[in-house]
Amino acid sequence: MGSETNLCLPVIDFSSKDLKPGTPVWERAKSQVRQAAEDYGCFEALFKNIPQELRKAMDEALEEVFALPIENKKRNVSEKPFHGYIGSSSPMSLYESIGFDDPDDYKEVERFANIMWPEGNTNFSKTVHCFSKTLSELDQTIRRMIVESFGIEKYLEEHMNSTYNFLRVTKYEAPKTTEKKTGLRAHTDKNTTSILYQNQTDGLEVQTRDGEWINVKFSPCSFIVIVGESLSAWTNGRLHSPHHRVMMSGEKKRYSAVLFTVPRDGYVIKAVEELVDEEHPLQFKPFEYSEYLKLRSAEIGKSCELPLKAYFGA
Ligand SMILES: O=C(O)CCC(=O)C(=O)O
Ligand SMILES: [Fe+2]
């Protein structure tokens, strides 16, 4: 348990223009998504719809926002746990992050940019909005494939409408050591789906069901898709929600941007009844996401093997 390997994540290509529901390209990707989500809860998505220029602009936007004085970044507050600014006064910590809701809505990106830069920052707003909107389309494709693969299309609309988007950008300081230091400790994502982008600096590690850690290598057009606990619970545990962490070494700072889909307040996550039967007994009691988030944030710092199971196991 816990050892490192040369294992790789499954790779799925979403770049084809023919990737439309019902086409052979769609059907093939759909079965790959289902398999990867069951086996790893994670895969590498090749997605050329976000061209290199937009990635470069995003890298610059990430550097620009973290270069701001801490006073500016701290002005980004949120009532929701983990949704505002997270920094640490500990010199040991490599982690700093900032997030805001609905980045696929230009007005919301602009609102965030106006908090960071009182004079506004149109370049930043345009880049982050375009990036988030395109990534959100990839997310919708993936979730539609998952729903179709289980034959539960009657819930497609409800499922899509049950979430909103949240963008969190993170900076990991370079530890300037050859030995690995923890950038972000091992955790499972609580939300529905997460799609991860990084500047070309590796550090993400994903744990397999057998407890081995995969060092994730990003290609220039890849994004990493992670199944969150809420999606795992909705599919009655059929999809795996993997532990992952960030381990840093060397001289290069790492920046990441994650588009999270998050269950809306008041939405009760309940396993789809078609996915519960004798062979697949109910795994989790229905729960409300914001309630779970509060429980988890009260226990921050404590690690737990299977947190959702601990609170809402059936
Ligand atoms: O920065 C990364 O690569 C991972 C971030 C992450 O796992 C998270 O924010 O939940
Ligand atoms: Fe995560």
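Side chains are part of it too, since the values below use all heavy atoms of this structure and drop only hydrogens, waters and symmetry mates. Computed from a predicted model, the values in this text were never measured in an experiment. Read the numbers this way: they start at 1 and go in the same order the structure lists the ligands and their atoms.
- Figure legend: cation-pi geometry between Lys309 and Phe284, with NZ or CZ positioned under 6.0 Å from the six-membered ring centre and within 45° of its axis.
- Within the cation-pi definition used here (under 6.0 Å to the ring centroid, within 45° of the axis), Arg34 qualifies as a partner of Phe150.
- The proximity of Phe260 to ligand 1, defined as any non-hydrogen pair under 4.0 Å, is limited to the side chain.
- Looking only at protein heavy atoms, the nearest one to atom 9 (O) of ligand 1 is Arg168 NH2, 3.1 Å.
- Within the listing of ligand 1, atoms 1 (O), 2 (C) sit less than 4.0 angstrom from a heavy atom of Ser256.
- Other residues, nucleotides and ligands place no more than 12 heavy atoms under 6.0 Å from the CD atom of Glu279.
- Classification of Asp101 and Lys80 as a salt-bridged pair holds, one side-chain N sitting under 4.0 Å from a carboxylate O.
- When the heavy-atom distances from atom 6 (C) of ligand 1 to Val206, Ile224, Leu196, Leu184 are ranked, the shortest goes to Leu184.
- For Asp189, the N/O/S atom at the shortest distance from the Fe ion (ligand 2) is named OD1.
- Between Tyr95 and Thr170 there is a side-chain heavy-atom pair separated by less than 4.5 Å.
- Heavy-atom proximity to Tyr172, at under 4.0 Å, picks out these atoms of ligand 1: 1 (O), 2 (C), 4 (C), 5 (C).
- Some N or O of Asp189 is nearer than 3.5 Å to an N or O of ligand 1, by distance alone.
- Between Thr141 and Glu137 the shortest side-chain heavy-atom distance does not fall below 4.5 Å.
- Neither the backbone nor the side chain of Gln198 has any atom closer than 4.0 Å to an atom of ligand 1 (non-hydrogen atoms only).
- Within the 4.0 Å heavy-atom criterion, neither part of Thr170 lies near ligand 1.
- Listed by atom number, the atoms of ligand 1 under 4.0 Å from His244 heavy atoms are 7 (O).
- Heavy atoms of Arg254 approach ligand 1 to within less than 4.0 angstrom.
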Report the C-alpha distance between Val33 and Glu148 in whole Å, list the side-chain angles of each, state the deciding distance to 0.1 Å, and finish with yes or no for side chain to side chain contact (heavy atoms under 4.5 Å, CB included). CA-CA 11 Å; Val33 166; Glu148 279 187 15; over 6 Å; no

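- Taken from SG in Cys8 to OH in Tyr40, the straight-line distance is 8.5 Å, to the nearest 0.5 Å.
- Residue-level check: among N/O/S atoms of His244, NE2 sits closest to the Fe ion (ligand 2).
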